[in-house]
Each structure stands twice: as C-alpha cells, then as structure tokens.
Amino acid sequence: MITSLSNPTIKHIRKLRERKERQQSGLFFIEGLRIVGEAISSNWRIETLIYCPALLTSLFGMQIIEKFAEKGGKILPVSEEVFQSISSKDGPQGIAAVVYQQWLELENVVPKNDGEIWVALDSVADPGNLGTILRTNDAADIRGVILLDNCTDPYDPASLRASMGAVFNQVLVKTTFQQFAAWKKFHAIPVIGTSDKARTDYHFYRYPNRMVLMMGSERHGLQERHLAICDEIVAIPMRGVSDSLNLAVATALCVYEIFNQQRESRSRKETE
C-alpha cells in the first residue's frame, strides 16, 4: 500500500489534472463508483485501478476491484491521506482509475447512411459545456464529436464530471477546420450550421438522414469560413431580452430536434 504523498506514481496521477500532462501521457484520471464502472463496462483500457480500503465500503466497488485483478489488471492500494490528495471530491468513494485516452482519426470516420449523426464543435472553451454536450449526445444517440481547432479537452476533470460517464460512449475526433472542410467535401456529408442571423427556423428544417451538426464557440459562434461550407444554416428563435443561449443548451435543442425527426420517420416507416 502506498502511504507517501511524494510517491512518484501518486505525483504523476496528481499531474494529470493538467492538460499538458494529459496530452503528453495520453492518460486521464477518473474517480467515483459510477464513472469507473462505466469505463470498465465500456471496455476502455485502464492503466491503473486505485482504491483506498479505508474509504471503499461499496460491495459494487469491491467487485470491480476483484474482477479487474482477476484479469491481471494493475491494482494500486493507497492510504486515506494519499487518496484524498488525488481526489477532487468532498466525500471520495475510495475508487479511481488512470485510463488511456481514445481518439479516432478524422480520415477513419465515414458516417453511414442510416441516421448516423455527428456534432462538430469549433473552439469550445468551457469544459463543462463540452461534457454536457457529450452527455446530451449520448442520450440522443449521436455517434460522436469532432473537435475543431482550439477546443477544450474532453478529458478535463470538469468535462468528465459534466459528461457523467457519457465520454465513454462517444467517439472523439480532433482535427483542424481545414481538414474537416476537405473531409466534408470528399465524403459529400451534409453539414448544418447554426447562426442567430439565419432565416431558417431550426424546428421547421428537415434534417438529412446522415449529417454533421456544427456549433460555434461560446463567444463568437460560427465564423464566416465555417458558415461558407454549410449546406444549411438554422436559427433558434428567441423572443425575450437575452440575445444568446448557452452553447450546451443550444446544442441540446438542435440535437433533440434531429432525434425527434428521425424517431418520427422511423415510426412512419414501421406503420406503412
């Protein structure tokens, strides 16, 4: 059992709070029964499973440890003081993991013509917004997220908390806008953008069966170069004093409009 706060492995785990360390190592840190269980059930590659015997009282948690050990996984028992030093929770549950990141190259993404939808995000700055979008996407059966240019990190602790484990059920792609534009043209994939200046109401537009919904940054929205490659641009109507919506909320509205249209289409086909 590790009891020293200055243990090199523990120091490395603490450094995973920093984006630079996550980028260099290709790892990220999660903690809590639900999210650790979700990572394992989703077959993500776990580098190390960490637990504190003094804090872990859950039978489910102990079963996770036992099953992981039976498969030859690396288990790291630590003292309560050490676990508290790596935890960001007020009441830690005594279980955590260091997990390998998963990314898919854009060139390997070819949306199927069976209702497969992706969301592309440009320069999203708030990790909480990104995590919330991942959670909404998972609920609405969106395939994954394409992060354009300088987006925040989906493996940031704040993003992971907001995603509530949905990060393990979303395909993540990192690319530049130029590469995305070339990919869109090559595969002839419709891209639907959003803008408060658009004339088309997001609710009345009939979305393609396969497509990418592109959303802009919190501060600037989609820029002219983004809008130029869109097959259609839609707007969410606003009647109050506020002149903008939170990015995660706006994305959720559009995602669920697409989801409901696809659901209605499938229902009509089943009754024909």
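The figures that follow rest on heavy atoms only: side chains count, while hydrogens, waters and symmetry mates do not. Please read all numbers here as calculations on a predicted model, not as lab measurements.
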How far does CZ of Phe259 sit from CD1 of Ile117, to the nearest 0.5 angstrom?
11.5 Å
In the structure I gave you, are the side-chain heavy atoms of Glu232 and Thr200 within less than 4.5 Å of one another anywhere?
yes
Please determine, by modelled atom types, if Glu218 and Asn129 share a side-chain donor-acceptor pair under 3.5 angstrom.
yes
Less than 4.5 Å apart, any side-chain heavy atom of Val119 and any of Arg143?
no
Please test Asp149 against Ser123 for side chain to side chain contact (heavy atoms under 4.5 Å, CB included), starting from the C-alpha separation and ending with a verdict.
CA-CA 6 Å; Asp149 296 327; Ser123 303; 4.2 Å; yes
Exercise: identify the closest heavy-atom pair between Gly128 and Ala162
O-CB, 3.5 Å
State plainly whether one hydrophobic cluster holds both Ile233 and Ile189, where clusters connect Ile, Leu, Val, Met, Phe, Trp and Tyr through side-chain heavy atoms under 4.5 angstrom apart.
yes
Heavy-atom side-chain contact between Pro92 and Glu80 under 4.5 Å
no
Taking side chain as C-beta onward, heavy atoms only, is Arg135 less than 4.5 Å from Gln170?
no
May I ask you to decide if Glu21's main-chain N or O and Ser25's side chain share a donor-acceptor pair within less than 3.5 Å?
yes
Please report the shortest heavy-atom distance between Ala248 and Ile133, naming the atom on each side.
CA-CG1, 3.9 Å
Among pairs that include at least one residue of residues 57-71, which meet side-chain hydrogen bond (donor to acceptor under 3.5 Å, both in side chains), considering only residues two or more places apart or in two chains?
none
Should we say atom CD of Gln24 is surrounded by more than 12 heavy atoms from elsewhere, each under 6.0 Å from it?
yes
Nearest-0.5 Å distance that lies between atom OG1 in Thr251 and atom CG in Leu213:
6.5 Å
When you compare the side chains of Trp118 and Glu116, does any donor N or O come within less than 3.5 Å of an acceptor on the partner?
yes
If we ignore hydrogens and angles and just use 3.5 Å, is the side chain of Trp44 paired with the main-chain N or O of Val99 as donor and acceptor?
no
Is there a donor-acceptor pair under 3.5 Å between the side chain of Ser42 and the backbone N or O of Glu38?
yes
Any link between Ile258 and Tyr205 through a network of hydrophobic side chains (Ile, Leu, Val, Met, Phe, Trp, Tyr) touching at under 4.5 Å?
yes
What's the spacing between Arg263 CZ and Asn260 CG if we round to 0.5 Å?
4.5 Å
Around Asn7, counting heavy atoms of other residues, nucleotides and ligands shown, do more than 12 lie under 6.0 Å from its CG?
yes
Where do Ala97 and Leu49 come nearest, in terms of heavy atoms and distance?
CB-CD1, 3.8 Å
Glu257 and His203: which non-hydrogen atoms are nearest, and at how many Å?
OE1-ND1, 2.9 Å
Excluding Ile13, membership of its hydrophobic cluster (Ile, Leu, Val, Met, Phe, Trp, Tyr; side-chain heavy atoms within less than 4.5 Å) reads Ile2, Leu5, Ile10, Leu16, Leu27, Phe29, Ile50, Leu55, Leu76, Val78, Val82, Phe83, Ile86, Val98, Tyr100
Test side chain to side chain contact (heavy atoms under 4.5 Å, CB included) on Glu31 and Ile95; report intermediate values, then the result.
CA-CA 6 Å; Glu31 66 166 311; Ile95 188 168; over 6 Å; no
Within the structure provided, determine whether Glu105 and Asn108 are in side-chain contact (heavy-atom separation under 4.5 Å).
yes
Which heavy-atom pair separates Pro154 from Leu172 by the least distance, and what is that distance?
CG-CD1, 3.9 Å
Could you go through Gln262 and Asn209, starting from their C-alpha distance and side-chain angles, then the distance that decides it, and tell me whether this counts as side chain to side chain contact (heavy atoms under 4.5 Å, CB included)?
CA-CA 8 Å; Gln262 289 191 341; Asn209 195 40; 4.2 Å; yes
Which atoms form the tightest heavy-atom contact between Ser4 and Ser6, and what is the distance?
OG-OG, 3.0 Å
So if you build clusters from Ile, Leu, Val, Met, Phe, Trp, Tyr with side-chain heavy-atom gaps below 4.5 Å, do Leu222 and Leu130 land together?
no
Rounded to the nearest 0.5 Å, what's the gap from CG on Asp126 to OG on Ser159? Could you check?
9.0 Å
Flag the pair Asp138 / Val167 as yes when at least one side-chain heavy-atom distance between them is below 4.5 Å, and no otherwise.
no
Other residues, nucleotides and ligands only: do more than 12 of their heavy atoms fall within 6.0 Å of CG on Asp201?
yes
Out of curiosity, Ile236 CD1 to Asp196 CG, how far, rounded to the nearest 0.5 Å?
10.0 Å
Side-chain touch Met214/Ile192, heavy atoms, less than 4.5 angstrom:
no
Leu121 with Leu160, same ILVMFWY side-chain cluster at under 4.5 Å
yes
Does the distance from a Lys or Arg side-chain N to an Asp or Glu carboxylate O, for Lys174 and Asp153, drop under 4.0 Å?
no
OG of Ser244 to CZ of Arg219: how many Å apart, nearest 0.5 Å?
12.5 Å
Is there a ring pair (Phe, Tyr, Trp, His ring centres under 6.0 Å) between Trp183 and Phe180 once you walk through the steps?
CA-CA 5 Å; Trp183 171 83; Phe180 174 75; 5.7 Å; yes
Any side-chain to backbone donor/acceptor pair from Ser87 onto Lys89? Under 3.5 Å, distance only.
yes
Look at the side-chain heavy atoms of Ile, Leu, Val, Met, Phe, Trp and Tyr, link any pair under 4.5 Å apart, and say whether Ile65 and Leu33 land in one connected group.
yes
If we ignore hydrogens and angles and just use 3.5 Å, is the side chain of Gln223 paired with the main-chain N or O of Gly221 as donor and acceptor?
yes
Is the shortest side-chain N to carboxylate O distance from Asp156 to Arg22 below 4.0 Å?
yes
Please indicate whether Arg34 has more than 12 foreign heavy atoms, meaning atoms of other residues, nucleotides or ligands, lying under 6.0 Å from its CZ.
no
Should Lys184 and Asp231 be marked as a salt bridge (Lys or Arg N to Asp or Glu O under 4.0 Å) after you check the CA-CA gap, both sets of side-chain angles, and the distance that decides it?
CA-CA 11 Å; Lys184 174 250 191 292; Asp231 296 271; 2.9 Å; yes
Just so I know, are the side chains of Phe60 and Met62 near enough to count as touching, which here means a heavy-atom distance under 4.5 Å?
no
Could you tell me whether the side chain of Tyr51 and the main chain of Gly61 form a donor-acceptor pair under 3.5 Å?
no
Verify whether one side chain among Thr175 and Gln179 offers a donor that lies under 3.5 Å from an acceptor in the other.
yes
Checking Ile46 against Phe68 for the side chain to side chain contact (heavy atoms under 4.5 Å, CB included) test, could you report, in this order, the C-alpha distance in whole Å, the side-chain angles of both residues, the deciding distance, and whether it holds?
CA-CA 9 Å; Ile46 309 296; Phe68 190 71; 3.7 Å; yes
